[in-house]
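Proteins get letters first, then strands, A, B, ... in listed order; numbering begins at 1 in each.
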Amino acid sequence: MISFSQNRALNRFGLGLSPSDVKASSADPKGWLLQQLQVQQDPGPKVADAASSLVAFHEWKSTRKLLSGSEDSDKKNGELKALQKSFADRELSNFNKRFEYAAQSRTPFRERLVQFYSNHFSVSRKGKRIISLACVAYENEAIRSNLNNSFSDMLLAAVSHPVMLIYLDNDRSIGPDSVAGRKSKRGLNENLAREILELHTLGVSGGYKQKDVLALANMITGWGGGGFKSKNPRVKPGEFYFSKHRHQPGTQVLLGKQYNFEGLEQGRRALTDLALDFSTARFIATKLAKHFIADNPPAEVISILERSFLISKGHLPTLHRTLVNLEAAWDPALKKFRTPYDYVLSAVRTIDLSMGGRIKKFVRTGLVTMNQPPFLANSPAGWSDEARYWSSSSALKKRVEWGLAAGSAIGASPRMIEWLITVLPAEADNLKLAMSRAASPAQAASLMLASPYFQWR
Amino acid sequence: MLSGIGRRQFIQACSLLTLGFTTPISFANSIKDPRLVVIILRGGMDGLAAVPAYGDPFYRSSRGKLALNTPRMAEGAIDLDGFFGLNPNFKSLAKLYRRQEALVFQAIAPPYAQRSHFYAQDVLETGLTAPLGHSSGWLYRALTGLTAGRSPEQYAYSLGAGIPRIVQGQVPVGAWAPDRLPDPDEDTLERLMALYEQDSYLGPKLQAGFNADQMINSMGGKLKGRNNLSTVAKAAARFITRIDGPRIAVMDSSGWDTHAWQGTTKGRLANRFRELDTVLENLMHDMGSVWQQTAVLVVTEFGRTVAVNGTSGTDHGVGSAAFLLGGAVRGGRVESDWPGLAKNQLFEGRDIQPTLDMRALFAGVLHQHMGLDRNFVEDVVFPGFRDQVRGLFRTG
């Protein structure tokens, strides 16, 4: 039977009781978590990079347009259908690779952190089909690759990433007094700037005003993804491109501070300052505490994390060490409800499944019916991680139905069930009893995946 | 003679009276057994695109290429009162308006004059000017005065994935959303429910989830469909027309954040309008005679800029439009203290200046339609707010 603290390490910070994690964490659960923060080799799922994925979408769209114009309607419909399918397959293959990478990871705590920040800098393909082939690459390039760096590195990487710039319309934003702005009737779009302040850095009560939104929006005009039809040899299609032509000239004042810089540097300086702001430290500390500790974390937990953020200048591994070392992280009275993504992932890892076709389908159905399909959050705020959001009676019913169906579909071996009954912690005594009395291994697996024990971490 | 439920309510009301409390339900005037449906349009609906003030002298110049044609022109707005119109995609809503079953509000907003979606939605849903992180929703607080012997879980339902904050509080409300999973077998389910008995947080919720499923499937078979407004509105009608069903249904609609290429009579926003219009029409049909006891409230967290932005869309603004419809509504007019569209009449030179606090509409619905005592509305639901729009309902 695993100890209380091992159970905590595996569930609260990890992704369930996979046999290899149970083994690796048995001697020193906390040490097992801390050592994951140092890992250098974490390339992420192998998918095409974001730039080429954006180009691929563009090509796909052109082909579709060409086909739609064709006269032979039978041929047209068939080919359009095939084209549509090729797109959906590619999208799906990316998400499967991402899930598989997380399902097989030996550093589940890192996976949880990647998910946390990926959700913090959320991008969604809802209404933005153009980014949908590039979302997984965005996560690799902007989020995962900065997990060992500081928050300002990640912030800069995320909000200057073409996928984010497209998602929040900054690629369309033009400084009104820029060369392009004076020539055309198009102008500023403040969407990304507002969300940077509200969701990525200071937080909604972080003390900024409408004029700060405008100032930041002006400072990041010209930040966009390289156009697909550009004749400029310096523009690489789908990669980040700074267009001086669209950049609003002149000094800007953000939160009372003057930014008297030229071009790209102006926005960079502003973002670096925002990343280290007191409000940002408080906002990130609160969000981390809410994600890992409790929906209503004790105030002192937030202040400890906040201090760690400020002292380390937002050094993420330091902050995450502080998180693991918090006393509250190991307090039996505090718990969190698993989000659907964590739930499905932990289920697959715990029953140690390889990602065969059948499981892939189960995973997809699970994420869709439990309403957390990859990169489809309803708003730039990303997904909630609070119990009250995910545990409505109807959501819970669906989760339980999925757990029951998954359990009976996997073909769990009697040995697997026996092993689980031996390792499950004392707090799951009732579940262990129910599993040992189950009518079949399938029923035992169903009961475990659908049980209350499995919903909490 | 009193029916079973009515009798229980009556007895409970009496016992409260004898204890020295007044029951928060005021029986005077309000309709018998009222129903309330709330649809929240998330993302900030462009109220001026939905309800164009085509009679305003500055309408055309300030709206630019997003201005609709005037009524009777090709693709023109549907006229409402000679000054305001409706987007031509609101055909059913216009019909209800002509039948005097729809009220249109223009230049309305929750008490929040900035432009964050999430903060604005918090204000809209908590009914507080400065919502604390964990304050309950205003409709939830209203429920505590309305349920009369039934639990919030039986009295109000949230349809669709996730529970909107407007009905979040100490006790969960009921919930339902469509799904494609197989029904579990009885034996496993029984064993599982025994485990859930020991979880005081999740146990009752799971039980309620299975109960709701049973309730809806017993009417016209299993309801299938995508998890969108159209499917959940069908479910809402099934639930709230039942004698033992909930009396309040809440649902969400997303996709109203039209920063780019929003279009006028066709396009992204027009599609959303048409979808909403169809949902409203179906709701009316599906509710049958209960429609006469029903009020449907359609609101959004804020409006959008009057002017077009650099990408043929609009950015977050303040004042917007709202709708109240149903057989119980005294409709057929636009309620608006119209602030005007001249530059100096706009809020901060860019948005429609809100002239009606949305809480006044909510308070009116709760008091005049749901029969909630006025003091309860002003003390508990919207603490310290003492205003309501009058004459919203035929009975009021």
Side-chain angles (χ1 to χ4, degrees), chain A residues 126-127 168-169 172-174 176 181 184-191 194 198-199 204-205 209-210 213 296 337 365 368-371 378-381 384 387-398 400-402 404-405 408 430-431 434 437-439 443 446-447 450-453 455-456, chain B residues 42-43 114-119 133-134 153 158-163 168 172-177 179-185 187-189 191-192 194-196 198-199 201-213 227 252 254-255 257 259-260 268 309-313 315-316 348:
Chain A
K126 190 165 200 159
L168 290 176
D169 303 322
R172 297 156 161 185
S173 182
I174 297 174
S184 83
K185 281 189 192 140
R186 296 168 60 191
L188 206 61
N189 185 309
E190 59 189 51
N191 204 10
R194 178 182 304 284
E198 179 179 331
L199 300 175
V204 68
S205 46
K209 303 236 158 53
Q210 174 66 22
V213 175
N296 297 304
F337 189 71
T365 315
V368 170
T369 43
M370 285 181 251
N371 205 32
N378 256 334
S379 88
S384 168
R388 61 176 177 179
Y389 182 83
W390 293 112
S391 68
S392 74
S393 48
S394 97
L396 185 61
K397 187 195 74 117
K398 273 181 210 163
V400 159
E401 284 176 350
W402 183 85
L404 293 175
S408 59
N430 291 316
L431 170 63
R437 288 179 180 167
Q443 189 178 50
S446 289
L447 288 172
S451 71
Y453 162 80
Q455 315 312 322
W456 297 105
Chain B
R42 294 189 192 271
Q114 288 164 60
R115 300 179 187 90
S116 145
H117 289 298
F118 318 111
Y119 208 88
H134 300 283
E153 192 143 62
S158 156
L159 288 317
I163 306 262
Q168 278 181 17
V173 297
W176 184 89
D179 69 45
R180 312 172 207 175
L181 293 165
D183 293 332
D185 79 84
D187 174 52
T188 314
L189 199 57
R191 293 173 193 241
L192 184 71
L195 293 174
Y196 272 88
Q198 285 136 16
D199 191 314
Y201 183 85
L202 297 179
K205 291 179 170 208
L206 186 58
Q207 189 59 56
F210 283 113
N211 290 349
D213 234 30
N227 191 359
D252 273 349
S254 61
D257 197 13
H259 282 283
R268 236 184 106 191
N309 70 10
T311 50
S312 299
D315 291 318
H316 305 179
E348 295 182 352

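- Taking each heavy atom of A:S393 and B:G174 in turn, the nearest pair found is OG-C, 4.1 Å.
- A donor-acceptor contact shorter than 3.5 Å links the side chain of B:K205 to the backbone of A:S391.
- Only the side chain of A:K126 has a heavy atom closer than 4.5 Å to any heavy atom of chain B.
- Chosen from B:Q168, B:R115, B:Q114, the residue pairing most often with chain A at heavy-atom distances under 4.5 Å is B:R115.
- The minimum heavy-atom distance between B:A260 and A:R172, with the atom names listed, is CB-NH1, 2.7 Å.
- Interface summary for chain A: among B:N309, B:D257, B:D213, B:D252, the most heavy-atom pairs under 4.5 angstrom belong to B:D213.
- Side-chain atoms of B:D315 and A:N189, non-hydrogen and from C-beta on, do get closer than 4.5 Å to each other.
- With a threshold of 4.5 angstrom between heavy atoms, A:N430 approaches chain B through its backbone and through its side chain.
- Among all heavy-atom pairs drawn from B:I163 and A:R388, the shortest one is CG1-O, 4.4 Å.
- Neither the backbone nor the side chain of A:L168 comes within less than 4.5 Å of any heavy atom of chain B.
- When the candidates A:R194, A:Q210, A:E190 are compared by the number of heavy-atom contacts under 4.5 Å with chain B, A:R194 comes out ahead.
- Proximity to chain B is limited to the side chain of A:T369, based on heavy atoms less than 4.5 angstrom apart.
- Only the side chain of A:L404 has a heavy atom closer than 4.5 Å to any heavy atom of chain B.
- If you measure heavy-atom distances from A:W390 to chain B, you find no contacts under 4.5 Å at all.
- Counting heavy-atom pairs closer than 4.5 Å to chain B, the top residue among A:A387, A:P380, A:A405 is A:A387.
- Between A:Y453 and B:Q198 the shortest side-chain heavy-atom distance does not fall below 4.5 Å.
- Counting heavy-atom pairs under 4.5 Å between each of A:L431, A:D169, A:L188, A:N191 and chain B puts A:N191 at the top.
- Between B:S116 and A:E198, the closest heavy-atom pair is OG-OE2, 2.6 Å.
- Proximity to chain B is limited to the side chain of A:V368, based on heavy atoms less than 4.5 angstrom apart.
- In this structure a side-chain-to-backbone donor-acceptor pair under 3.5 Å is missing from B:R42 to A:S379.
- Contact between A:R186 and B:T311 at its shortest, heavy atoms only, is NH2-CG2, 4.4 Å.
- Counting only heavy atoms from C-beta outward, the side chains of A:Q443 and B:D187 approach each other to under 4.5 Å.
- Heavy-atom distances place both the backbone and the side chain of B:T188 under 4.5 Å from chain A.
- With values rounded to the nearest 0.5 angstrom, B:D199 atom CG is found 6.0 Å from A:W456 atom CH2.
- Ranked by non-hydrogen atom pairs under 4.5 Å with chain B, the options A:S392, A:P176, A:G181 are led by A:S392.
- Shortest non-hydrogen contact noted between B:A177 and A:S394 is N-OG, 3.5 Å.
- Using a 4.5 Å cut-off between heavy atoms, A:S451 touches chain B through backbone and side chain atoms alike.
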